[in-house]
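To start, the structure itself, in structure tokens.
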Amino acid sequence: LRQYRQYKGFWFWPDMMLPGFMAAKDHFIPRPSDILICTPLKVGTTWLKALAFATLNRNDQPCKQSLLLSHNPHDCVPNLEVILYGRKRLPDLTVVPSPRLLSTHVPYQLFPTSWLSSGCKFVFLCRNPKDTFISYWHYLNKLIEDVNHKQSLGDMFDAFLKGVHLNGPLWDHVLGFWNASLVNPDKVLFLKYEELKSDTAVNLKKLAEFMGCPFTEEEERDGVLEKILDMCSFESLRNLEVNKTGTMPLKLSHDIGNEVFFRKGEVGDWVNFLTPEMAQRLDQAMEQKFEGSGLSFKE
Ligand code: A3P
């Protein structure tokens with residue numbers, strides 16, 4: 001099995017993410033105008049990146065928004081620890097104009113003081129843990145190069161319940177941002193995939209306001225919001241040529257196709273994979289961890 005290493009209570013692959021995070025921690029200097037998309041894996045990061053990018057860049061001239069038609073959202077909103085700082089050479093992010101839109105899978109508890117005191121904003125998205133796990137299981141088996149190392153659902157489930165998965169434990173990851181959003185709602189926006197699915201427009205407006213670029217009445221009348229929703233829908237993104245045939249620049253021995261980020265995009269797909277007993281175990285574990293926090297993932 002691929003090795004995980006624990007760093008300050010969270011699990012990483014030692015060759016991926018952790019060295020990149022160490023470099024980002026030491027060298028990335030956030031600006032107050034930066035917006036960081038923060039997520040555990042497989043909670044809809046790709047979708048949130050597209051929505052945030054399209055919203056933030058809707059009035060640029062020439063319009064940067066249309067980059068989403070030819071680029072995967074992960075290219076438009078690069079990840080700090082995997083892509084930007086996950087290479088040998090340090091990136092020069094000072095040349096990127098404000099507001100910079102970047103992303104990370106690193107939990108809030110690990111953020112250095114320099115990030116927390118920078119005044120930048122964090123948009124966090126999470127998802128029902130059962131769907132997160134199923135999406136993660138599918139994804140990870142694509143990332144694992146060696147067929148002999150691919151993991152059965154049962155084995156990965158047991159590890160997940162122990163918190164041993166990339167950037168896990170999931171409950172601590174989620175609670176870190178949840179608690180921060182209660183203390184500092186102007187700086188930390190907490191979103192859930194299911195709510196984003198059931199009322200995308202309301203949540204998009206919330207996101208735009210949070211990012212400091214609310215939709216005007218005129219824009220709403222002119223269908224600007226609708227256009228973004230449409231452009232970023234699962235079907236639209238999945239059907240773009242770049243997402244059907246393009247690949248991700250991950251440092252793996254094999255290419256990862258962009259299509260891996262567009263599997264089903266549904267709420268509740270876990271019923272097709274988890275036994276009722278597994279579902280109950282995961283629910284109970286999460287309920288226990290979230291007890292007293294005011295956070296729940298009840299369906
Ligand atoms: P499934 O595996 O359940 O289909 P991430 O972007 O964090 O890696 O998460 C990937 C999950 O988000 C996948 O879930 C994927 O299908 C879903 N997803 C990607 N784009 C989406 C979109 N535009 N709308 C809704 N879900 C989307």
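Ligands are counted one by one from 1 in listed order, and the atoms in each one are counted from 1 as well. All values below were derived from every heavy atom in this structure, side-chain atoms included, with hydrogens, water molecules and symmetry-related copies excluded.
Listed by number with element, the atoms of ligand 1 under 4.0 Å from a non-hydrogen atom of S233 are 23 (N). The atoms of ligand 1 that sit less than 4.0 Å from any heavy atom of F262 are 16 (O), 19 (C), 20 (N). Within the listing of ligand 1, atoms 1 (P), 4 (O), 16 (O), 26 (N) sit less than 4.0 angstrom from a heavy atom of G265. Those atoms of ligand 1 with a heavy atom of R127 less than 4.0 angstrom away are 1 (P), 3 (O), 11 (C), 14 (O).
Looking at atom 19 (C) of ligand 1, its nearest protein heavy atom turns out to be F261 O, 3.1 Å. Nearest to atom 27 (C) of ligand 1 among the protein's heavy atoms is F234 CD1, 3.7 Å. In terms of protein heavy-atom proximity, atom 6 (O) of ligand 1 is closest to T46 OG1, 2.4 Å.
At a 3.5 angstrom cut-off on N or O pairs, K264 counts as close to ligand 1. Here's the thing with C232: one of its N/O atoms is less than 3.5 angstrom from an N/O atom of ligand 1. The shortest N or O to N or O distance between G44 and ligand 1 is under 3.5 Å. Checked against a 3.5 angstrom limit, the closest N/O atoms of T45 and ligand 1 fall inside it. In terms of N/O distances under 3.5 Å, ligand 1 is approached by K42. Residue contacts with ligand 1: S135 is placed with a nitrogen or oxygen under 3.5 Å of a nitrogen or oxygen of the ligand (distance criterion only).
Note on ring orientation: taking the six-membered ring where Trp is involved, the planes of F12 and Y7 are perpendicular (angle over 60°, cut-offs 30° and 60°). Between H165 and F160, the ring planes lie parallel to each other; the angle is under 30°, not in the 30° to 60° tilted range. Using cut-offs of 30° and 60° on the angle between ring planes, the pair Y4 and W13 is tilted. The aromatic rings of W115 and F28 lie perpendicular to each other, with more than 60° between the two planes, well past the 30° mark. Ring planes of F122 and Y108: perpendicular class, angle over 60° (limits at 30 and 60°).
Judged purely by distance below 3.5 Å, without hydrogens or angles, the side chains of N272 and D269 pair a donor atom with an acceptor atom.
Between the D131 side chain and the W270 main chain, a donor and an acceptor come within less than 3.5 Å of each other. Within the 3.5 Å criterion, the main-chain N or O of A54 finds a donor-acceptor partner in the side chain of Q65.
Summarising the geometry of R31 relative to C120, their closest heavy-atom pair is O-CB, 3.3 Å, with the distance given to 0.1 Å. Heavy-atom minimum distance, W178 versus G294: CZ2-O, 3.7 Å.
Within the structure, ligand 1 has V43 among the residues with a heavy atom less than 4.0 angstrom away.
Residue contacts with ligand 1, taken as heavy atom pairs separated by less than 4.0 Å, do not involve E235 at all. Of the heavy atoms in A50, none comes closer than 4.0 Å to ligand 1.
Of the options W270, W137, W47, Y193, the smallest heavy-atom separation from atom 17 (C) of ligand 1 is shown by Y193.
Annotation: F111 is in aromatic contact with F177 [ring centroid separation under 6.0 Å].
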